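Reminder, nothing fancy here: chain letters follow the sequence lines and each chain counts from 1. It should be emphasised that the depicted structure is a prediction, and the values quoted were computed from it without experimental measurement.
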Amino acid sequence: MLSQCSDPAALEGVPWLMCYLTSGKHMLFYASFGTVLLLLAITAPVALLFGFGGAMASRSRILPLRWLGRLYTSMVRGVPDIIFFLFVPIALDQGLEWLRHQYLCDGDAPVRQGNDFVVCAAAKLPLSTSPQWIHEAYGFALAVVAFAVVFGAFAANVLYGAMQAVPRAQLETAEAYGMNARQVSRRVLIPQMWTYAIPGLSNLWMILIKATPLLFLLGVEDIVYWARELGGAKTSAFTYPHPDWRIYYFLAILVFYLLMTWISETVIARLTRRLSAGQATMGGEAMRKEAA
Amino acid sequence: MTCAETITNYALRSIGIGERLLPRTDFDLCQQITLIGSGLIWNLYFASLALFFGFFFATGIAMAKASGNAFLRRPADAFIFLFRGSPLFIQFFLAYEALVLLPRAGIDVFGMTVATSWLTKAWAGALIVLILNTTAYSAQIFHGALMSVPKGDLEAADAYGLAGWTKFRRVVWPTMLRLAWPSYTNEAIFLFHATTLVFFSGFPAFQQRGDSLYYATYFADKTFNPFVAYPIVAGYFVLFTLILIGLFGMVNRRLNQHLPGAVKRLKYRPQLVR
């Protein structure tokens, strides 16, 4: 906080606005943009990993594993993602508490009593004695898992399609060189599939960016939470009284997302160009002719 | 209360017909299935109207985006970027806040008072946002298809002496739709799923008349048990998504009927759209 902001009631115009925008709560609002970026930075690789597992499982020679992979990849098709976002965190939370209940609590009182879910104090997650930041981190971790499950299923779809799209002749050549199945997939299949996966994955990235405001529904203090909190009308009881300004806060968030989209589009265009170099595709052929 | 009574009491609860009070204790499976199914009326209402209006608007925007005139192209590009580049969730919030700012008493236009309060209600305000959103996404799909209309088709149309509206109506538009249809099916499914966001974002559910997810969350919150209500709403959505794919598949067969060879089955690839 700036020193001249000690008495905001005496300020007017631009200085007032400067003080208003640097207040402690606004710092939390700016930090929450970091929360969103952190979620993106963690979720994207985890979801890609989930997707990779799903795609490999769908291609597996073992039948039950293949069924599992197919079920996972097809579950996002018919059901809105928001249902998963609401379902996964609470189901996971109750599942973990139930497991801890089995081990940590004495006595075998049922977990579900009427409309309540009761576990003993030792089985609570996180423990009621733990500090506030653990509660927040736990909520955030549940949100990350929910995002990773949903977007992993989307990614599995994309990667499965990309693996199928690698020309059969490439794999046969590798086999003719005497590579075994594992070597073929590690040396030929996986390096080559990325160029086919990029359009799908970049679309997925765009969907992921646009799904981040749903964090608000999971109880994480994200940008939507702070926009509603700070934007709401403040009476003169507050340090910085103002009418309902939520529309300006949401406009700021809108601009943030438009900027994110614009940056992503630029980066993806470059990445596509780099990955199609030397590939036996239309894009690769165009680049070869350009260079020649 | 027997299940038949529950159905007569609650089947149309979401549009305000039947029992006003929601069940508060002793929730049974029948109540959950009935009320969540009742909420589905809203999802179907939003999806069908948004798709209907969005389809025509999107054709217009796609034509504007493809036009050589910068005064048409630039606004179309900006519109598409705005609605495809930002989350629907934020669009709902922003639209609600903006619509609330309109004067309560209405706006005077040439001595006539235009009422505005209905715009802040979900049935109108959220529908407008959904229409604009699907218009932007569909316009992008239609524009891509428009650019892929084979040159030979256009030359053939010229050779037959078709021009202007007749050429568009009989050659360009059907081909554009045929090429766009698989992606457009995906967009329709995404939009149908997006209708669940309406009552979570700004727009309040008047007298607890919400959509299917609204009631599912109500039950999940009251019973503290997510393993019943959410699978029910998921089941409803799987069912109606399959119906939607079936309907769009019928249109797809009609659009492709003149082509030699078997009509390709409509493939749904969710990752390649939005």
Identify the heavy atoms of [X] and [Y] that sit nearest to each other, and give their distance.
{"X": "B:Leu94", "Y": "A:Leu251", "answer": "CD1-N, 3.7 Å"}
{"X": "A:Lys210", "Y": "B:Ser86", "answer": "CD-O, 3.7 Å"}
{"X": "A:Leu258", "Y": "B:Gly85", "answer": "CD2-C, 3.7 Å"}
{"X": "B:Ile90", "Y": "A:Val224", "answer": "CD1-CG2, 3.9 Å"}

[atom1] of [X]: more than 12 outside heavy atoms within 6.0 angstrom?
{"X": "B:Met147", "atom1": "CE", "answer": "yes"}
{"X": "B:Arg73", "atom1": "CZ", "answer": "yes"}
{"X": "A:Tyr248", "atom1": "OH", "answer": "no"}
{"X": "A:Lys234", "atom1": "NZ", "answer": "yes"}

Select one option (side chain, backbone, both, neither) describing which atoms of [X] are under 4.5 Å from chain A's heavy atoms.
{"X": "B:Phe200", "result": "both"}
{"X": "B:Leu82", "result": "both"}
{"X": "B:Tyr236", "result": "neither"}

Side-chain donor/acceptor of B:His193 to backbone N/O of A:Ile82, under 3.5 Å: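 No; judged by distance alone, with no hydrogens or angles, the pair does not exist.
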Polar side-chain atom of B:Gln91 near backbone of A:Leu254 as donor-acceptor pair, under 3.5 Å: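 Here the side-chain-to-backbone pair does not exist.
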Does the side chain of [X] reach to within under 4.5 Å of the side chain of [Y], using non-hydrogen atoms?
{"X": "B:Phe89", "Y": "A:Leu217", "answer": "yes"}
{"X": "B:Phe93", "Y": "A:Arg228", "answer": "yes"}
{"X": "B:Val233", "Y": "A:Val79", "answer": "no"}

Parallel, tilted or perpendicular: rings of B:Phe227 and A:Phe87 (30°, 60°):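 Geometry flag for B:Phe227 against A:Phe87: perpendicular rings.
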Would you sort out whether B:Leu197 and A:Leu214 count as a side chain to side chain contact (heavy atoms under 4.5 Å, CB included), showing the intermediate values? CA-CA 10 Å; B:Leu197 276 176; A:Leu214 297 177; 3.6 Å; yes
Go through A:Tyr249, A:Phe256, A:Tyr257 and name the one with the most non-hydrogen pairs under 4.5 angstrom from chain B.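 Ranked by heavy-atom pairs under 4.5 Å with chain B, first place is A:Tyr257.
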Among B:Asn225, B:Leu244, B:Val238, residue most engaged with chain A (heavy-atom pairs, under 4.5 Å):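 Heavy-atom pair counts peak at B:Asn225.
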Quick check: A:Phe84 with B:Tyr230 (ring centres under 6.0 Å apart)?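 So the answer is no for these two rings.
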In a check of side chain to side chain contact (heavy atoms under 4.5 Å, CB included) between A:Pro80 and each of B:Thr195, B:Leu213, B:Thr196, B:Asn43, which one passes?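 It is B:Thr196, the one option of B:Thr195, B:Leu213, B:Thr196, B:Asn43 that forms the side chain to side chain contact (heavy atoms under 4.5 Å, CB included) with A:Pro80.
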So what's closer than 4.5 Å to chain B heavy atoms on [X]: side chain, backbone, both or neither?
{"X": "A:Leu86", "result": "both"}
{"X": "A:Asp81", "result": "neither"}
{"X": "A:Leu201", "result": "neither"}

